[in-house]
Amino acid sequence: MNIPFLDLKSPYTELKDELDSAYQRVMESGWFIMGAEVEAFEHEFAAYCEVKHCVGVGNGLEALHLILRAYGIGEGHEVIVPSNTYIATWLAVSYAGAIPVPVEPLAHTYYLDPEKVEAAITPRTRAILPVHLYGLLADIDPLIALAEKYDLKVIEDSAQAQGAHYKGRMSGSLGHAAGFSFYPGKNLGALGDAGAVITNDDKLVEQVRMLRNYGSKVKYYNDIKGYNSRLDEMQAAFLRVKLKHLDEWNMRRTKIASTYLDSLGQLTDLILPSVLDSTEPSWHIFPVRHSRRDDLQKYLKNKGVDTLIHYPVPPHLSGAYADLNMPKGTFPIAEKIASSELSLPMGPHLTLDEVGYITNAIREYIAKI
Ligand SMILES: *Cc1c(COP(=O)(O)O)cnc(C)c1O
């Protein structure tokens with residue numbers, strides 16, 4: 001068998017007619033930036049996420065960056081971020097001119113520890129930026145309580161959690177605003193770069209709309225120094241097609257995740273993801289942890305199973321943040337995750353036969369060592 005980590009060809013095979021006709025619709029319209037497709041997608045995605053507003057932007061990093069800018073968060077301010085996340089979460093804060101203040105996750109989970117978050121709050125803190133890493137929901141309620149107590153914003157990084165639920169509410173609708181990425185590999189993936197901001201905040205949405213389009217409300221009248229960060233018509237048209245299938249594709253992921261959880265449950269030294277009560281993850285990634293991760297990855301590779309590591313270097317140890325001067329040992333939980341995490345194949349086109357083959361290979365490996 002040869003099992004890729006993620007199959008990005010089958011989505012086209014499955015949705016060929018719908019995607020081809022979306023492509024044709026845009027080509028025939030002769031209109032490519034800021035038009036009917038983007039507007040329709042914004043309405044449809046806001047409705048899907050059960051919020052008032054959606055603004056399509058260039059990518060997930062820009063979505064977070066524009067939210068911060070729109071809230072006036074910048075120089076002299078601090079934003080609390082997870083120590084274990086993709087570096088984009090931190091970069092959004094740096095782009096805005098603020099300082100990312102990393103906080104460790106709660107042990108045995110991948111989400112922020114509220115006690116450590118509270119300890120990290122200073123008079124300069126303006127926001128908490130939790131991440132629904134792997135599509136597993138972060139525990140938001142304790143963070144909202146802290147935000148109320150200290151007058152902060154809660155901005156969700158929902159890049160990996162399209163369609164996930166927290167206590168019956170949609171991911172992205174839980175805080176003051178959320179950033180989404182539609183990078184092709186995400187659960188709702190465009191066929192290029194794309195992203196969105198969602199919120200119920202009328203004032204915020206007006207600012208983000210201006211910021212994404214050169215700081216203008218009326219073409220060629222520029223009120224603030226904005227950016228060029230727009231979702232384009234072609235990607236919006238593709239996203240409208242794929243949004244209709246998101247719930248079903250997330251259900252397939254859920255089935256795969258429960259198969260993994262059932263068949264890998266009893267293995268010594270293999271740590272499976274724990275799911276917070278009353279949440280429904282989007283299972284963007286199925287992360288396991290093992291003390292001999294590199295060895296296990298090689299073993300699976302020899303069996304034809306591709307895996308990835310999310311992420312091999314925590315942001316504080318990356319060259320990009322050498323200036324923060326946070327040597328090895330500063331965030332032991334994030335470092336431990338980086339050295340032991342392995343992402344198994346996951347996606348709506350992975351078959352249960354393939355999942356069986358993967359779990360057998362993992363069992364073989366663990367029986368052997
Ligand atoms: C993908 C991702 C982003 C960035 O999204 P892009 O569209 O690649 O800019 C941000 N945060 C997390 C957690 C992500 O997984």
Side-chain angles (χ1 to χ4, degrees), residues 3-8 10-11 45 48-49 59-61 63-64 81-82 84-89 92 105 109-112 129-140 156-166 169-174 178-196 198 239 242-243 245-261 264 271-276 279-289 305-312 337-338 341-350 354-355 358:
I3 305 175
F5 175 71
L6 174 65
D7 170 8
L8 282 176
S10 295
F45 195 61
Y48 176 83
C49 294
N59 55 62
L61 169 57
L64 296 171
V81 295
N84 62 314
T85 182
Y86 180 52
I87 198 167
T89 318
T109 78
Y110 295 109
Y111 56 82
L112 283 171
L129 218 171
V131 180
H132 303 302
L133 197 67
Y134 310 135
L136 298 162
L137 282 296
D139 196 6
I140 289 283
E156 295 171 71
D157 181 341
S158 274
Q160 304 191 357
Q162 295 96 341
H165 290 80
Y166 175 90
R169 291 176 282 149
M170 294 300 290
S171 129
S173 74
L174 311 167
F180 282 90
S181 163
F182 306 123
Y183 178 77
K186 301 285 157 82
N187 291 38
L188 177 60
L191 308 182
D193 277 312
I198 67 168
L239 286 167
K242 294 182 94 181
L243 179 59
H245 300 272
L246 178 59
D247 282 343
E248 202 222 311
W249 287 15
N250 276 351
M251 266 158 54
R252 296 187 204 165
R253 290 175 182 268
T254 302
K255 182 99 215 294
I256 292 162
S258 48
T259 309
Y260 274 140
L261 289 168
L264 297 174
I271 302 173
L272 298 178
S274 68
V275 177
L276 188 66
T279 68
E280 291 167 38
S282 61
W283 294 111
H284 174 58
I285 279 167
F286 191 90
V288 300
R289 287 168 58 188
V305 178
D306 279 345
T307 57
L308 286 178
I309 295 164
H310 294 94
Y311 298 89
I337 293 170
E341 193 272 350
L342 188 68
S343 304
L344 303 182
M346 170 55 84
H349 298 91
L350 186 68
E354 289 173 319
V355 174
I358 297 162

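Hydrogens, waters and symmetry mates play no part in the numbers below; they use all other heavy atoms, side chains included.
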From OG (Ser343) to CG (Asp306), nearest 0.5 Å: 12.5 Å
- prompt: At what distance, to the nearest 0.5 angstrom, does CD of Glu341 lie from CD1 of Ile285?
  reply: 7.0 Å
- prompt: Which heavy atom of Leu137 sits nearest a heavy atom of Ala164, and at what distance?
  reply: CD2-CB, 3.5 Å
statement: Tightest non-hydrogen contact, residues Gly179 and Ala63, listed as CA-CB, 3.8 Å
query: Can you tell if the side chain of Gln160 reaches within under 4.5 Å of the side chain of Leu133, non-hydrogen atoms only?
result: yes
query: For the atom pair OG (Ser173) and OH (Tyr48), what is the distance rounded to the nearest 0.5 Å?
result: 11.5 Å
field: Euclidean distance, Arg252 CZ relative to Glu248 CD, rounded to 0.5 Å
entry: 4.5 Å
- prompt: Side chains of Leu129 and Asp157: does their closest heavy-atom pair fall under 4.5 Å?
  reply: yes
message: A side-chain contact here means heavy atoms from C-beta on lying under 4.5 Å apart; do Pro345 and Thr307 qualify?
response: yes
- request: Might you point out which heavy atoms bring Ala92 and Leu61 nearest each other, and give the distance in Å?
  value: N-CD1, 3.5 Å
statement: d(Glu156 CD, Met170 CE) to nearest 0.5 Å is 10.5 Å
message: I need the minimum non-hydrogen distance between Leu6 and Gly185, along with the two atoms involved.
response: CD2-CA, 3.7 Å
- prompt: How are the rings of Phe5 and His310 set to each other: parallel, tilted or perpendicular (split at 30° and 60°)?
  reply: tilted
Heavy-atom donor-acceptor pair, Lys242 side chain to Ala190 backbone, under 3.5 Å: no
message: What I want to check is whether the side chains of Asp139 and Tyr166 have a donor and an acceptor closer together than 3.5 Å.
response: yes
- prompt: Are any non-hydrogen side-chain atoms of Tyr260 and Leu272 less than 4.5 angstrom apart?
  reply: no
message: Measuring only between side-chain heavy atoms, which start at C-beta, is Trp249 closer than 4.5 Å to His349?
response: yes
query: Can you find a heavy atom in the side chain of Gln162 that is under 4.5 Å from one in the side chain of Phe182?
result: yes
statement: On a heavy-atom basis, the closest approach of Ala178 and Ser158 is CB-OG, 4.3 Å
field: Least distance between heavy atoms, Ser282 atom then Asn187 atom
entry: O-ND2, 2.8 Å
task: Let me see the working for Phe45 and Leu188 under side-chain contact (heavy atoms from CB on, under 4.5 Å), right down to the final yes or no.
output: CA-CA 11 Å; Phe45 195 61; Leu188 177 60; 3.8 Å; yes
- prompt: In a check of side-chain contact (heavy atoms from CB on, under 4.5 Å) between Pro281 and each of Leu136, Leu276, Thr254, which one passes?
  reply: Leu136
task: Let me know which of Leu264, Ile256, Val305 forms a side-chain contact (heavy atoms from CB on, under 4.5 Å) with Leu344.
output: Leu264
message: With rounding to the nearest 0.5 angstrom, report the NE2 to CG distance, His284 to Asn250.
response: 11.0 Å
query: Would a distance-only check, ignoring hydrogens and angles, find a side-chain to backbone donor-acceptor pair under 3.5 Å from Asn84 to Tyr110?
result: yes
field: Heavy-atom check, side chain of Thr279 versus side chain of His132, under 4.5 Å
entry: no
- prompt: Is there a side-chain contact between Ile309 and Leu342 (heavy atoms, below 4.5 Å)?
  reply: yes
- request: Any chance you could lay out the side-chain contact (heavy atoms from CB on, under 4.5 Å) test for Val275 and Trp283, step after step, and finish with the verdict?
  value: CA-CA 10 Å; Val275 177; Trp283 294 111; 3.7 Å; yes
Neighbour count above 12 (heavy atom, 6.0 Å) for Tyr86 OH: no
Under 3.5 Å donor-acceptor, Ser171 side chain and Ala161 backbone: yes
